[in-house]
Structure formats: structure tokens, C-alpha cells
Number of protein chains: 2
Amino acid sequence: MKSNITMRDIANKLGVSSVTVSKALNDKEGVSEELKQKIKALAGEMGYRYNSAAKSIKDGLSKNIGVLIPERFTGMSHSFYLRVYQQISLLLDQYGYFGILNILSNEDEELLNFPRVYSENKVDGIIVLGQISKKYIETVQNMDLPKVFLDFYDEHADIDSIVTDNFYGAYEMTNYLIRNGHRRIAYVGNIYSTSSIQDRYLGYYKSLLEHGMQLDHSLILSDRDDKGKFIDIALPDPLPTAFVCNCDQIAYLLVDKLKLNGYSIPEDCSVVGFDNDIYATLTSPQLTTVEVDIEQMAKSAVKFIMDKIENPHRKFGRVMVQGNIIYRQSARQIDAEDREISST
Amino acid sequence: MKSNITMRDIANKLGVSSVTVSKALNDKEGVSEELKQKIKALAGEMGYRYNSAAKSIKDGLSKNIGVLIPERFTGMSHSFYLRVYQQISLLLDQYGYFGILNILSNEDEELLNFPRVYSENKVDGIIVLGQISKKYIETVQNMDLPKVFLDFYDEHADIDSIVTDNFYGAYEMTNYLIRNGHRRIAYVGNIYSTSSIQDRYLGYYKSLLEHGMQLDHSLILSDRDDKGKFIDIALPDPLPTAFVCNCDQIAYLLVDKLKLNGYSIPEDCSVVGFDNDIYATLTSPQLTTVEVDIEQMAKSAVKFIMDKIENPHRKFGRVMVQGNIIYRQSARQIDAEDREISST
DNA sequence: CTGAAAGCGCTTACAG
DNA sequence: CTGAAAGCGCTTACAG
């Protein structure tokens with residue numbers, strides 16, 4: 001169909017063999033410098049382009065990495081995953097690789113079908129971006145290919161995974177609030193919903209423990225149902241002095257609700273988020289939050305997969321990527337008097 | 001390196017030739033139904049996977065499409081392009097294709113380097129997503145491959161392009177405001193900045209013309225400098241009764257500013273946006289805006305590129321994708337009295 | 001219905 | 001330094 005220039009074409013024009021052309025173009029030993037330059041020049045003129053399929057078939061490497069994102073993380077509010085994918089794609093470039101996005105349909109996940117990117121042998125490794133079902137984790141493990149889980153993990157699987165340090169992020173954030181005088185602190189999130197929400201909750205809890213504070217179950221506020229659909233958040237009475245939200249979007253919604261009820265942030269209560277996504281700066285006042293280090297996460301994922309392509313037996317285990325607290329205006333120090341009143 | 005199962009392996013186990021295996025697995029003529037089933041069953045058992053590189057080398061098709069996004073459209077607020085890419089990727093799947101994201105670095109664009117996806121022969125066609133420099137358009141045209149421009153066009157280039165119908169979108173929107181009694185209507189946007197902003201401006205102007213209204217240059221309000229950085233929007237005095245903003249994000253910022261100045265939306269003035277992106281629903285009140293039909297744009301792009309792979313001489317020209325006005329709360333009808341006062 | 005032969009574009013030993 | 005031979009995994013004529 002396409003009339004592509006091949007090495008043979010170049011060889012014929014110059015009256016040499018295609019082996020010599022191959023050596024010249026790949027800067028291999030065994031061609032005189034002069035001939036090499038002549039070959040390269042002609043290749044340029046003729047618009048020669050490398051046939052990567054032919055190379056693939058020889059060394060068995062496609063030079064592509066599949067990025068598998070479950071369909072349900074694919075909506076407008078999930079642009080987080082797309083940004084991670086973009087970052088991955090940028091980093092792969094440095095290794096001479098490309099990223100192929102393969103959105104895993106709910107159906108394929110349900111039926112445990114291999115992703116097409118795998119069954120068609122299009123990639124040398126797969127990064128699974130976003131939590132998949134337990135069953136499908138098994139399917140992934142059956143794939144004979146290096147793979148890495150990104151942004152989630154599974155307790156049983158011994159697959160290498162990279163997650164944000166949800167636990168310590170929430171822990172540090174809660175510490176910060178306590179240092180600033182808060183004693184009545186709520187956690188907002190359905191703690192049975194995802195591992196991220198649960199781990200952030202546990203970090204919050206650890207901070208309370210370390211400060212000798214009681215866990216008050218009436219201050220654990222669910223934000224979504226089992227399907228992940230947001231629900232109305234019930235405000236405790238009396239109001240906590242601070243809310244640790246499991247994500248910025250929920251913090252944004254909570255701030256809205258608090259304002260509607262006549263409260264000012266951070267005067268009447270502090271609200272902190274997690275993720276540092278677009279909602280963090282759209283909330284007014286802007287949110288104090290934990291920034292997820294997308295770049296570092298992508299960097300680790302790419303590094304791991306590259307290492308595993310070279311050495312399939314390489315193991316990395318579960319790796320946490322540290323986040324950073326971004327201090328903005330949604331949290332404030334409260335003085336002793338406030339504390340007394342609110343800690344009743 | 002990898003110990004992959006090949007057709008020959010299956011053939012050997014069954015004591016047939018690899019030609020027969022190939023025919024069976026591809027549902028081609030020339031194998032008895034019985035043998036075919038046996039081969040397929042064994043292939044399944046052995047975990048056979050198609051080697052797409054070997055197929056590529058035969059028919060010259062990589063079954064990949066490159067999506068080229070200029071680096072500068074790559075930031076957090078440009079998730080629009082990523083959503084388009086995602087949609088493209090989903091649609092390609094239906095054709096048995098995959099999408100490879102190739103972010104075009106500023107450097108490569110400057111130096112007029114071919115995208116790697118092209119020089120390494122990784123794709124059968126390229127979708128350029130987002131405006132590239134004039135010079136680079138030439139580079140793209142020199143690529144011996146089907147290509148489509150998405151979300152921008154160039155007057156000289158005879159490359160097929162798909163754009164949102166900016167002109168008619170803004171035209172219809174302005175008509176709507178005029179029907180609702182508005183006579184003093186501002187346009188917000190630097191009309192020299194991008195073709196989209198300019199075309200939307202012209203649509204606004206056409207609507208004024210058709211209604212016998214004067215173009216008032218003091219009501220053309222710039223929103224960004226030449227680098228695209230947002231600047232403070234100067235509010236005209238007296239205030240217009242409506243603002244047609246070139247995008248939702250600017251409408252969001254404008255609403256903020258108007259509120260700070262003590263105005264209520266839509267009571268004191270109406271504000272409409274364009275894009276129907278995340279800012280449309282984050283603004284309070286939510287924005288009446290023009291929804292860009294991402295799905296249709298992606299669909300056309302994919303359709304065109306597929307058609308051109310089959311027949312390289314196929315031409316489509318510049319194709320407009322219609323948007324839809326989404327009616328929300330940021331615009332209202334004004335009565336005759338308001339009109340009198342404000343049209344002085 | 002079944003398979004031997006040739007070839008896609010390239011690279012890897014190996015020989016000269 | 002240069003190249004003939006063989007092979008990567010598959011498919012396409014073609015012959016039996």
C-alpha cells in the first residue's frame with residue numbers, strides 16, 4: 001500500500017549491501033566513516049524512515065507501553081488519570097518508548113478479558129492506572145508481561161505498585177490542625193469506598209491516637225454511597241472546628257454547604273482537602289491541601305516498568321510517593337478559648 | 001528475550017503446517033472445520049498471542065494512529081485536549097486501532113523536527129490536536145501519511161480539518177441574548193489571540209449586524225495578553241446588560257469580578273460562556289454556554305483518518321462541528337424598561 | 001483441504 | 001571494511 005523507502009533501496013542506489021546500510025544507520029562497527037556519511041546523507045535525502053515493525057520482530061520489543069485505565073475513571077471529573085497518563089507518555093519518550101492508552105471497558109473487566117493491547121502483543125509492559133476489581137487483578141497477574149499498578153494496590157497481589165502516601169499525608173495534615181489548636185476534628189469520606197479514602201482515614205486516626213485524642217464516630221462523615229455517588233454530608237452539631245476531607249472536590253462541596261448554613265471559612269471552622277487538584281484553587285477561600293506528586297508517581301512507574309523489561313525478575317513491592325502539604329487560606333489557628341468551647 | 005508462543009509451536013504440536021494454523025486462527029478458507037476448532041482450542045490453551053509486528057511488516061500497517069498535541073496545550077487547564085484524546089482512543093478501538101500520544105515539544109516544533117511517531121514509522125496516520133505554528137504546518141504537510149487537523153485550521157493549507165463551529169455558536173448565542181431584550185452586549189476576548197476567539201467574535205458581530213445594531217468598540221474587552229496570559233478585564237461604564245465571553249473560564253473570572261463590584265448575575269447583567277467545560281458548572285450561577293461536541297469532533301477525526309488510510313486521495317476540507325447552547329441561570333430576559341436605561 | 005516456497009524489512013552471526 | 005546467508009513470525013500466492 002504505502003511505497004516506503006527501505007534500506008535495500010538506499011543500498012541499491014549506492015551499490016552496497018543492505019547490511020552495510022543497516023550498520024551505517026545504526027552507528028555500528030564495520031563501515032568506513034566515509035561510506036557511513038554517504039549512506040546517512042542519502043537516507044536523509046530519500047526521506048528514509050526506520051521500519052520499527054521489522055525491528056520489533058527481530059528483538060521482540062514493541063517499544064510501546066500500555067496504560068490501562070478502567071472505563072469508570074474516565075469521566076470529566078477524573079482528568080487526574082489523564083494527566084498522569086500524559087506525564088507517563090512524556091517520560092516514556094526519554095526511553096525511546098511510546099504510551100498506548102487502553103481504556104478497559106466495564107464489560108471486559110467484568111468478563112475478565114485481557115486488554116487488547118496485551119492479546120495483540122502491542123506492548124512490552126503494562127501500567128494499570130486506577131483501581132480494578134479483585135477478579136481482574138488476577139487476570140492482570142496472568143499476563144506474561146512486566147506490569148505495575150499505579151495509584152492503588154492489592155494486599156494479596158505481589159505486583160509492584162505505586163501509590164500516593166495517603167496515610168502519612170492525612171496524618172501530617174491532621175497533625176498540622178492539632179498543632180494549630182484544633183481538638184474537635186471531623187473526617188469526611190466513606191471509609192469503605194476505596195483504599196485511598198480508607199488509608200487517609202487511618203492517617204487521620206493515627207494522628208488523633210498520638211495526641212491522646214478520642215476517636216469520635218459521630219465525626220466520621222460519609223460523603224458518597226457504595227457506587228461512589230456523592231451524598232449530602234450531614235453536619236454534626238456542635239460543629240467541629242476542623243474538617244479533614246478525603247479529597248478537594250468534597251472539600252469544595254462541603255465549603256459550599258457550610259457557607260449556605262451561614263458559616264465562614266476559616267473563621268467558624270477550618271476545612272482541608274487532599275489532591276491539590278483544580279478544586280483546591282476554585283474553592284473560596286483556597287484550600288489547604290495535600291499535593292499529590294503526579295510527576296514523581298509517573299516517574300517511578302516508568303522507571304519500574306523499564307527495569308522490569310530488562311530484568312523480568314526485578315521486584316519493587318509497594319512504593320509510596322510522598323505528597324506535600326500546600327498551605328492556603330482554608331485553615332486557621334484557633335486560640336485556647338475557641339478550643340474550650342468547642343471541645344465540650 | 002521473551003519466550004513467546006508462535007504459530008509454528010502450535011503447528012508442531014498438532015503435526016500440521018503453520019500455514020494451516022494461520023488460516024484457522026484468521027478464519028480463512030481452506031481448513032476443515034474440525035481442524036480449525038482443534039487449532040483454536042490449542043491456541044487458547046497455550047496462551048497464544050498474535051504477533052502484531054509480524055503482521056505489520058507484511059501489510060505495512062501498524063494499526064496505530066498518532067495523536068500529536070503541542071506541549072503548550074498540556075497544562076492543567078488544558079485537560080480539554082486530553083479528553084478529546086481519550087475519546088479518540090475509545091473510537092479507534094472500534095476500528096481495531098490504538099492511539100499513541102505524542103506530545104510535540106516546543107523545541108521540536110521550533111526546529112521543525114518530525115514527530116518521533118512519524119520518523120519511527122509507528123503509525124498509519126496522524127491527528128494534530130491543537131494549533132501548531134505556521135512553519136510546523138508545512139512540516140506536517142511534508143509527512144507522507146494521512147493526517148487531520150483537529151480544533152484548528154489554516155487558511156492556506158489544504159489539509160483536512162475539524163473545528164467547532166465557533167462562528168455560528170457565538171452567533172446563535174448572541175441572537176439568543178438579543179431575543180431576550182439585550183441591546184448593550186459586550187464581547188470578552190483578545191480577538192487577535194487565536195482563531196477560535198476571533199471566529200467567536202465574528203459570530204457575535206454578525207448577530208449585531210443582522211439586528212441593525214452598531215458595533216461599539218468600547219464593548220470589545222480584551223481578556224489576555226499576546227502570550228495568552230489572562231489580564232484584568234476592564235468593566236465598561238455604564239455596564240452592558242450582557243457579556244458574551246469567549247470561554248467559560250473567562251466567564252467564571254468575570255462573574256467573580258462583577259460580584260466583587262457588587263453586581264448580581266443575572267439580575268444586573270447576564271454573562272454567557274463557551275465550551276461547557278468544568279467552569280460552566282462551577283460558576284455561580286451556572287453558566288449558559290455553548291457546548292463543544294467533543295464526541296462528534298473525535299468521531300469525525302477518526303472517521304476521516306480511517307477513510308484516508310484506505311484511500312489516501314480522499315479529501316474532506318474544513319469541517320465544522322455544531323455546538324449546542326446549554327441554557328442555565330447566568331442569562332435572563334430583560335424587559336423594555338431596563339433596555340431603555342441601558343441603551344443610552 | 002493441506003502445505004512448501006517466497007517474501008515483508010531488518011539484524012545477527014559469520015566468512016572473506 | 002564489506003556482504004552472503006539465515007532467521008524473526010506471519011501471510012500470500014500457488015501447487016498438490
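In what follows, chains are A, B, ... by sequence order, proteins preceding strands, each numbered from 1.
Using a 4.5 Å heavy-atom cutoff, the side chains of A:Lys303 and A:Tyr95 are in contact.
Atom pair B:Arg8:CZ and C:dT2:P shows a separation of 18 Å (rounding to whole Å applied). Put simply, NZ on B:Lys58 is 5 Å from C1' on D:dT11, counting in whole angstrom units. The CE atom of B:Met7 sits 13 Å away from the C1' atom of D:dT12 (whole-angstrom rounding). Summarising the geometry, the separation between CG on A:Asn51 and P on C:dC8 is reported as 12 Å, rounded to the nearest angstrom. For the pair A:Tyr50 OH and C:dT11 P, the computed distance is 5 Å after rounding to whole Å. Regarding B:Asp59, its CG atom lies at a distance of 8 Å from the P atom of D:dT12, rounded to whole Å. Whole-Å rounding puts the B:Glu34 CD to C:dT2 C1' distance at 14 Å. One can place CD of B:Glu29 at 17 Å from P of D:dC14, the figure rounded to the nearest angstrom.
Using a 4.0 Å heavy-atom criterion, one finds that A:Lys28 contacts the sugar-phosphate atoms exclusively.
Under 3.5 Å, the side chains of B:Asp9 and B:Tyr48 contain no donor-acceptor pair of N or O atoms.
Between A:Lys134 and A:Asp154, at least one side-chain nitrogen of the basic residue sits less than 4.0 Å from a carboxylate oxygen of the acidic one, meeting the salt-bridge criterion.
Side chain of B:Lys23, nearest nucleotide from D:dA5, D:dT2, C:dG3: C:dG3. The side chain of A:Val19 approaches D:dG3 more closely than any other nucleotide in the set D:dG3, C:dC1, D:dA13. Closest to the side chain of A:Ser18, from the set D:dT11, C:dT11, D:dT2, is C:dT11.
In this structure, A:Tyr48 does not reach the C:dG9 phosphate: none of its side-chain N or O atoms is under 4.0 Å from OP1 or OP2. At the phosphate of C:dT12, neither OP1 nor OP2 sits under 4.0 Å from any side-chain N or O atom of A:Ser22. A close approach under 4.0 Å does not occur between any side-chain nitrogen or oxygen of B:Thr6 and OP1 or OP2 of D:dG9.
Of the candidates B:Glu110, B:Glu109, B:Glu107, B:Glu109 is the only one forming a salt bridge (Lys or Arg N to Asp or Glu O under 4.0 Å) with B:Arg72.
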Next item on the list: Kindly determine whether B:Asp151 and B:Ile162 satisfy side chain to side chain contact (heavy atoms under 4.5 Å, CB included), including the steps that lead there.
Entry: CA-CA 6 Å; B:Asp151 201 43; B:Ile162 296 154; over 6 Å; no
Note to self: Apply side chain to side chain contact (heavy atoms under 4.5 Å, CB included) to residues B:Thr20 and B:Ile39 and explain how you reach the verdict.
What the structure shows: CA-CA 9 Å; B:Thr20 301; B:Ile39 289 173; 4.0 Å; yes
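Counting only Watson-Crick and G-U wobble pairs whose two key distances fall under 3.5 Å, DNA chain D forms stems of three or more stacked pairs at C:1-3 with D:14-16, C:5-12 with D:5-12, C:14-16 with D:1-3.
A ring-centre distance under 6.0 Å is not found for A:Phe73 and A:Phe80.
Both B:Ile57 and B:Thr20 lie near DNA chain C, and the one whose nearest nucleotide falls closer to the 5' end is B:Thr20.
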